[in-house]
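Below: one structure, written as C-alpha cells.
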Amino acid sequence: MSGNRSLQRIFDQLAAGIELLGGNSYRASSHRRVARVLRGLTDDVAALVEGDRETAVRRLTALPGIGKGAAARILEFLETGRIAEHERLLEQVPSGVFELLEIPGIGPKGARSLWRDLGVDSVDALRALLDQDAVAGVPRLGQRTIENLREALGFRAETEGRTPIGVALPLALALCERLRGVEGVARIAFAGSLRRGVDTVGDLDLLATCADPGLLRDAFLAMPEVERVLASGEHRCSVRVRADAAGGGRALQVDLRMVPASSWGAALLYFTGSKEHNVLLRERAIRRGQLLNEYGLFEAAAARPQDMGGTEGAAGDRPQDSGEAPIAAAGAGPPVRGETPLAAAEEADVYRALGLPFVPPELREEGIDPASVPSDLIELGDVRAELHAHTTASDGKLTIRQLAEAAKARGYHTLAITDHSASSVIANGLSAERLRRHADAVREEDARIRGIRLLAGAEVDVLPDGRLDYDDDVLAELDIVVASPHASLRQGREAATRRLVAAASHPLVHVVGHPTGRVVGRRAGLEPDLERLFAAAAESATALELNANPRRLDLCDRHVRAAVAAGCVIALDTDAHSDRSFDFLPYGVMTARRAGLKRDACINTWSRARLERWLRRKR
DNA sequence: GCCGTTTTCGGCCCGACTGTTTTCAGTCG
C-alpha cells in the first residue's frame, strides 16, 4: 500500500503545482482525480500492473480517470521510484508553498501571490509576516483577510486532521435535535461525508427547511458550542463549534444550509455528495438535456436561455445583468427558474427522474456506478447476533447475565461470550483454567435464560508469529473462537501476512477479529497482503470481522468489499464491553453498506439454526 | 490530462459567500 500512498501524494502535488504555477486548471484536476482513484484502490497498485507493459497500461487505463499520461507516470514511479515531472516541479516550487494550500481561505491564487509577491514560502513564513504586520497595502489583502488568516493559523495548530465518526455523529445528532425545536423548522438532517458513513469527517453539514430562516439562523449562531461565526448568509451559515469532553474537546466546522421545502430532496442529494457522485449525476443530466443543481432537476432549455454565444469558460463572460434575466431572484430565496422542476422534493424523485435506482448515501462514492446498486444491501435490522462480547471475567463491564439481557433487549437471537486470552494481561485475559470455568458458567446461564442463545467462546490473541494463545484442545471445547491480533501491530508486511493467514487457516478459528488492529486516525495497524489473507479465509471458510467500534471500523470499507469479492463472509460485531457498546452497531452497518455488503454475506444476519450449523462445521 | 448517447476536438458541475471591489475574483463545498 505504501506505493499507492506515495503515488497519491505525488499526483496531488502535481495538481497543486500546476495550479501554483498558473497552469491549466483542468489538467490539475485530472491529476487530482488520479490521486483519488489511487486512494480508492484496495490493494497495491504494483500488483495491478504485473506482467508486460502493454497489459499494465491496459489495466491502468481501464480505471476511470486514468489515461495514457497517468499510466505512464505510474509505471515510471514503479520502475524508478520517482517521477521526473514531479521532481522538476519540486525544483520550481518550495515544499512549504504546498502547505499554504492547507490553510482555509488560501487557494492556489492566494498561495501563488503570497509566494511570488511577498516571498512567503512556508506556513511559518506566513505566520512571521502576519506577526510583523508586514502586509499592509498589498492588493486583495485587507484587514479582514489578514485577521481571518491569523485565525485560520491558530485553528490549524489546534486541530490536526479529521474528526472520527464516533465523535462527529453524536454531535451532529445533538445539534439536529436542538435545532429541531426552533419554531418553524420543518425538517433538519445532517448530510455530507457523515451521512455517507465515512470513518472520519472534515466538517458537519446540516440541512434544514423552515418557515422563518432568520429565526433558525439566529438560533444556530447562538448555540453554546459556537466559538466563532465563519460566515452568515441568507441560505448558509458556518460556525466553529467545540465538542464536549467526550469528543476530546475537539473543534470543528459546522455548516447549516437552509432550503425551501420544495427543494429538500435535491439539496439533500447535493450536500450529501460525494462530489464525484454529484458530478456523475450532473453529467448524466446534461446528456439528457437537463440541469441538476441543489434546487432541483430542470429542463436545460428552461434554465439556460440565450447565453450560448462564444463563452470560453472565463468568468467575465457571464451574461450581463439586465432586466430580462431569466433567473429572477425575486428579492429573497434561491433562483427561481421560471419553471417547475422535474424533480426536487425528495432524493428518490431526483434519481427516478434521472432514470436511476435510489443510491443509498453510503454508496455515493467515486468509482461506484449509480446504476449498479445491490438490492439486498445489509440494513441495521438485519443483524440478529452479536458474536464478539466481553464480560467482567476479562475487561467488560457486565456479568454474563447482564450482557445476555442487554443483547436480548436488542432483539438478538444469539450472543457469543468471548473474553480475552491470557496474553492480553492489561485486559485481564483468562488463563486456560479460568476460561474452562468461565465457559461452564456461560453454559449454565444459557440453560437458565430464555429467548436468547449464549455461546461459550473466547477472543484468543493471535501472537506475533501466528500461533494462538490457547492450545487446540482448549479451543476445541468452545462453541466459537474469535482470533484477534492485539500486540505487535507495527510488524512488517510479510510477518503480518503470515500471522493473519495462520489465524484464518486455523481449523478451530471461526472469526478473525479486527484483522488489522488499526485505530481510526491514530494507528495504521497491520498492512498484510490482503489477497493472500482473503484467499486463506475464503479457503477455510473463516469469517473476517468488521468491528463496529467507531474507533476501529476494522476491516475498513474497502477491505470488506475486496474480502467479499474474494469469497469471504463477514462477521459484523460491536466487540461489546458494556450495554452502550451495542450502540456501535450503526457505525458498523454504515461501513458495511459502504462496502456494498449484502445481507447474506454477513453471518450475523443468519438464522440461529444456520449460524449454529456453520459454527459446528469447525468442531 | 481525460473523455465521448453532438467522440479524435473541444469541452470539462454549479451556486453561495466573503472581501474588496464599484461589478467581481477567489474560495469552498
Side-chain angles (χ1 to χ4, degrees), chain A residues 11 14-15 18-19 23-35 37 60-61 63-73 85 101 103-114 138-149 152 191-193 201-205 207 229-238 253-259 263 266-267 269-298 300 303-304 310-321 327 329 333-335 337 355:
Chain A
F11 276 96
L14 282 170
I18 289 165
E19 289 174 331
N24 180 331
S25 64
Y26 294 114
R27 230 182 116 227
S29 57
S30 83
H31 278 106
R32 201 158 271 132
R33 181 161 186 213
V34 173
V37 170
L60 285 171
T61 52
L63 297 167
I66 295 188
K68 285 211 174 80
R73 288 187 181 81
E85 189 190 348
L101 295 171
I103 297 168
I106 297 186
K109 301 274 172 59
R112 178 180 160 85
S113 150
L114 285 168
V138 176
R140 299 204 64 81
L141 211 53
Q143 200 50 44
R144 279 307 296 265
T145 305
I146 291 167
E147 270 174 40
N148 288 343
L149 283 178
S193 52
V201 304
D203 60 11
L204 298 184
D205 295 291
L207 185 70
V229 176
L230 303 170
S232 168
E234 199 178 341
H235 308 287
R236 202 194 71 179
C237 317
S238 290
Q253 184 172 327
V254 184
D255 296 343
L256 171 68
R257 337 256 176 163
M258 292 165 284
V259 300
S263 298
L269 182 63
Y270 181 65
F271 293 123
T272 296
S274 66
K275 195 174 172 179
E276 294 73 32
H277 185 76
N278 286 343
V279 169
L280 280 179
L281 296 186
R282 289 197 180 168
E283 287 173 349
R284 184 180 176 91
I286 289 169
R287 285 201 303 274
R288 294 162 65 96
Q290 299 162 336
L291 171 81
L292 178 63
N293 61 24
E294 58 260 58
Y295 298 108
L297 179 70
F298 300 87
R304 280 270 174 74
T311 63
E312 298 183 353
D317 288 341
R318 288 187 190 160
Q320 292 300 302
D321 192 32
I327 301 171
R337 298 283 176 183

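In this text, all values refer to a predicted model and were calculated from it rather than measured experimentally. Chain letters run A, B, ... following the sequence lines, proteins first, then strands; residues in each count from 1. Excluded from the calculations below are hydrogen atoms, water molecules and symmetry mates; all remaining heavy atoms, backbone and side chain alike, are included.
Remark: P of B:dC12 and CZ of A:R282 are 13 Å apart, rounded to the nearest angstrom.
Contact annotation: A:R236 side-chain N/O to B:dA16 OP1/OP2 distance is not under 4.0 Å.
Base-pair partner of B:dG26: B:dC17 (Watson-Crick or G-U wobble, both distances under 3.5 Å).
If you check every strand for non-hydrogen atoms under 4.0 Å, A:R27 touches a base. At the heavy-atom level, A:I106 lies under 4.0 Å from the strands shown only through sugar-phosphate atoms. Contacts of A:N148 with the nucleic acid, taken as non-hydrogen atoms under 4.0 Å apart, involve only primed sugar atoms and P, OP1 or OP2. In this structure, A:Q143 reaches the sugar-phosphate backbone alone: every heavy-atom distance under 4.0 Å involves primed, P, OP1 or OP2 atoms, never a base. Across all strands, A:S25 comes closer than 4.0 Å to no nucleic acid atom at all (heavy-atom distances). Within 4.0 Å of A:G192, counting heavy atoms only, lies no atom of the nucleic acid at all.
Taking only distance into account, the side chain of A:Y270 meets the base of B:dG29 through a donor-acceptor pair shorter than 3.5 Å.
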Each nucleotide of nucleotides 2-8 of chain B classed B (base within 4.0 Å of a protein heavy atom), S (only sugar-phosphate) or -, in 5' to 3' order, makes SS-S---
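For the C1' atom pair drawn from B:dT8 and B:dG1, the interatomic distance equals 15 Å after rounding to whole Å.
Interatomic distance, CG of A:N148 versus CD1 of A:I106, reported as 11.0 Å (0.5 Å rounding). In this structure, the separation between OH on A:Y26 and CD1 on A:I18 is 14.5 Å, given to the nearest 0.5 Å.
Closest approach to the A:N293 side chain among B:dG29, B:dC17, B:dG15 is made by B:dG15 (side chain taken as heavy atoms from C-beta onward). If you check B:dT27, B:dT20, B:dC17 against the side chain of A:T145, the one that comes closest is B:dT20.
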